[in-house]
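Beneath this line is the structure, given in structure tokens, with notes to follow.
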Amino acid sequence: MPLIRYIEHDGTEHEQEVALGTSLMEGASRNGIPGILGDCGGSCACGTCHIYVDESWVDRLAPMDEGQEMMLEYAVDRRPTSRLACQITVTADMDGFVARTPVRQHTE
Ligand code: FES
């Protein structure tokens with residue numbers, strides 16, 4: 001399974017193996033990783049799985065579809081590397097993938 005690096009806004013890092021075919025949001029929520037809420041369960045309807053993809057990885061992702069683009073229009077603190085974690089499916093070539101979480105999605 002690919003090892004995904006989830007990095008919180010304060011630099012706290014969580015390395016987590018995530019099963020192929022699951023989303024980055026599922027990989028975080030199933031393993032208690034903070035900062036990715038996933039309130040809609042992955043149906044691209046809440047925006048609470050907003051992440052910043054590391055610049056070294058963002059060009060390797062498929063382009064965003066219209067639904068993801070529309071949802072991110074409402075995201076607070078959107079950046080050019082913003083994506084929705086529920087819309088990124090883990091593949092074998094994603095070992096070492098880096099996803100950072102926005103400060104506003106941390107509830108503490
Ligand atoms: Fe709701 Fe991703 S989990 S948009």
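Keep in mind it's a predicted model, so treat the numbers as computed, not measured. First listed ligand is number 1; within each ligand, the first listed atom is number 1.
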Which atoms of ligand 1 have any heavy atom of [X] under 4.0 Å away?
X   : value
G42 : 3 (S)
G38 : 3 (S)
C44 : 4 (S)

Inter-residue atom distance E13.CD - R5.CZ, 0.5 Å rounding: 4.0 Å
Would you say [X]'s side chain and [Y]'s backbone share a donor-acceptor pair under 3.5 angstrom?
X   : Y   : result
E26 : S23 : yes
T48 : D39 : yes
E8  : P34 : no
T89 : T22 : no

task: Might you work through the salt bridge (charged side-chain N to carboxylate O under 4.0 Å, His left out) test for R30 and E17, ending with a clear yes or no?
output: CA-CA 11 Å; R30 289 176 185 172; E17 286 187 327; over 6 Å; no
- prompt: Between A45 and ligand 1, which part of the residue brings a heavy atom under 4.0 Å of the ligand: side chain, backbone, both or neither?
  reply: backbone
field: Shortest protein contact, atom 4 (S) of ligand 1 (heavy atom only)
entry: G47 N, 3.3 Å
message: If you round to 10 degrees, what value do you get for the angle at atom 1 (Fe) of ligand 1 between C46 atom SG and C40 atom SG?
response: 110°
message: I need the SG(C49)-atom 2 (Fe) of ligand 1-SG(C86) angle, rounded to 10 degrees.
response: 100°
